[in-house]
2 protein chains.
Amino acid sequence: MENIELFHKFLAEKKMKWTPERKAILEEVFASHDHFEADDLLFRLKKKDIRVSRATIYRTLELLVNSQLVRKISFGEEHTHYEHTYGHKHHDHLVCLKCGSVLEFSNPTIEEIQERVCTDYDFTPDSHCLQIFGYCTKCR
Amino acid sequence: MENIELFHKFLAEKKMKWTPERKAILEEVFASHDHFEADDLLFRLKKKDIRVSRATIYRTLELLVNSQLVRKISFGEEHTHYEHTYGHKHHDHLVCLKCGSVLEFSNPTIEEIQERVCTDYDFTPDSHCLQIFGYCTKCR
DNA sequence: AAACCATTGACAAGCAGTTTCAAGTCGGTA
DNA sequence: TACCGACTTGAAACTGCTTGTCAATGGTTT
């Protein structure tokens, strides 16, 4: 599991500790490929009888975001969602306004145009997020 | 002021009332072309000695969003921002991670590709939002 | 002008997320 | 292996935004 090593290294560099809680959270985050929110994680861990406080979940998620293993995404007005990025190529989302399902897509041309827009505006891009809201096949 | 009439009509259709508070909020929203958040509005109104409660601000903003005169946008992790849409063509945003400044841009090709992506995924688009985070000329 | 019912403001409540701090744990060192 | 200091943790309090409650107010219709 390379992501464990990456996180371990990230922590070591910052003189932070490798604790059972951090390990459990990391493993749970990478156990599924879905988008999740902080409370989902808490719930999934609780189901496995792993007790980690809400505060620690948030603290660790922040570390994971800083270490680039996870990124935040926001779907509409709701609270923060996360997805892991390691071994996952960049993509954007189609979000169904009715059932809430999320489709992923990636399109190199859009990325290219974004680069061009940034050049035009003398802007140095760091990241971006594109969500298209609408209705999926079932909900139309 | 056509937006006043539009809102008036929207309210009439829903058998809602045209009140001084709603009028004041509408006017203030359209008085500037910047993005704003609920508290900005409250502050701007207070400066003009127009007293409207926070609750009414939120309630009225929701109405404005429903009437399509205003839309919500989210810049990164912060709280909800709004911008008015009437007489404003669709655009996306370049958000500076350091100074928080926001540049607007619009690009027809990106819109086109989005349409195509939606067709490919059998998805009916309703709206979308694209934010590019990075650093502006000054902050680079 | 009366009556009806939407709207308002003040305040309480809800909610995601953060901070505080005492108690506990990790990990380098002797 | 035991020690010790620094880092972490959990619980609970707290924050800041947003929404709900409810009595009082005020449009609108007749």
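Quick note on labels: first sequence line is chain A, next is B, and so on, each numbered from 1.
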Side chain of B/Met16 - closest among C/dT7, D/dG10, D/dT18: C/dT7
Comparing B/Tyr82 and A/Glu21 on DNA chain D - which has the more 5′ nearest nucleotide: A/Glu21
OP1 or OP2 of C/dG9 versus the side-chain N and O atoms of B/Thr56: is any pair under 4.0 Å? yes
Please determine whether a side-chain nitrogen or oxygen atom of B/Arg59 lies at a distance below 4.0 Å from atom OP1 or OP2 of C/dG9. no
Given C/dT19, D/dT18, D/dG20, identify the nucleotide with an atom nearest to the side chain of A/Ala55. C/dT19
Whole-Å distance separating the NZ atom of B/Lys23 from the P atom of C/dA6: 24 Å
Starting from C1' on D/dC17, measure out to CD on B/Glu62 and report it in whole angstrom. 15 Å
Closest to the B/Lys17 side chain, choosing from C/dG9, C/dT8, D/dG27: D/dG27
The side chain of A/Ser53 lies closest to which of these nucleotides: C/dT8, D/dC17, D/dG10? D/dG10
Between B/Thr19 and C/dA6, is there a side-chain N or O to OP1/OP2 distance below 4.0 Å? no
Distance, rounded to the nearest Å, where A/Lys72 contributes NZ and C/dG17 contributes P: 8 Å
Whole angstrom is fine here: how far is it from NZ in B/Lys46 over to P in C/dG9? 12 Å
Are B/Phe105 and B/Phe133 joined in one hydrophobic group, where the rule is that I, L, V, M, F, W and Y side chains link up if heavy atoms are under 4.5 Å apart? no
Report whether A/Ile73 and A/Leu103 are members of the same hydrophobic cluster (ILVMFWY, side-chain heavy atoms less than 4.5 Å apart, transitive linking). no
In whole angstroms, how far is the C1' atom of C/dA16 from the CG atom of A/Leu42? 13 Å
Taking the side chain of B/Tyr58 as its heavy atoms from C-beta onward, which of C/dG17, D/dT9, D/dC17 lies nearest to it? D/dC17
Report the nucleotide, chosen from D/dT9, D/dT18, D/dT28, that has the shortest atom-to-atom distance to any side-chain atom of B/Ala38. D/dT18
Can you measure A/Asp39 atom CG to C/dG17 atom C1' for me and round it to whole angstrom units? 10 Å
Can you establish whether the number of heavy atoms outside A/Arg51 located under 6.0 Å from its atom CZ is more than 12? no
Can you measure B/His79 atom NE2 to D/dT19 atom P for me and round it to whole angstrom units? 14 Å
Separation of C/dC26 C1' from A/Arg22 CZ (nearest whole Å): 10 Å
Determine whether the side chains of B/His91 and B/Glu83 contain a donor N or O and an acceptor N or O closer than 3.5 Å. yes
Identify the heavy atoms of B/Lys17 and B/Arg22 that sit nearest to each other, and give their distance. O-NH1, 2.8 Å
Ignoring backbone atoms, test whether B/Arg54 places a side-chain nitrogen or oxygen under 4.0 Å from the OP1 or OP2 oxygen of D/dT18. no
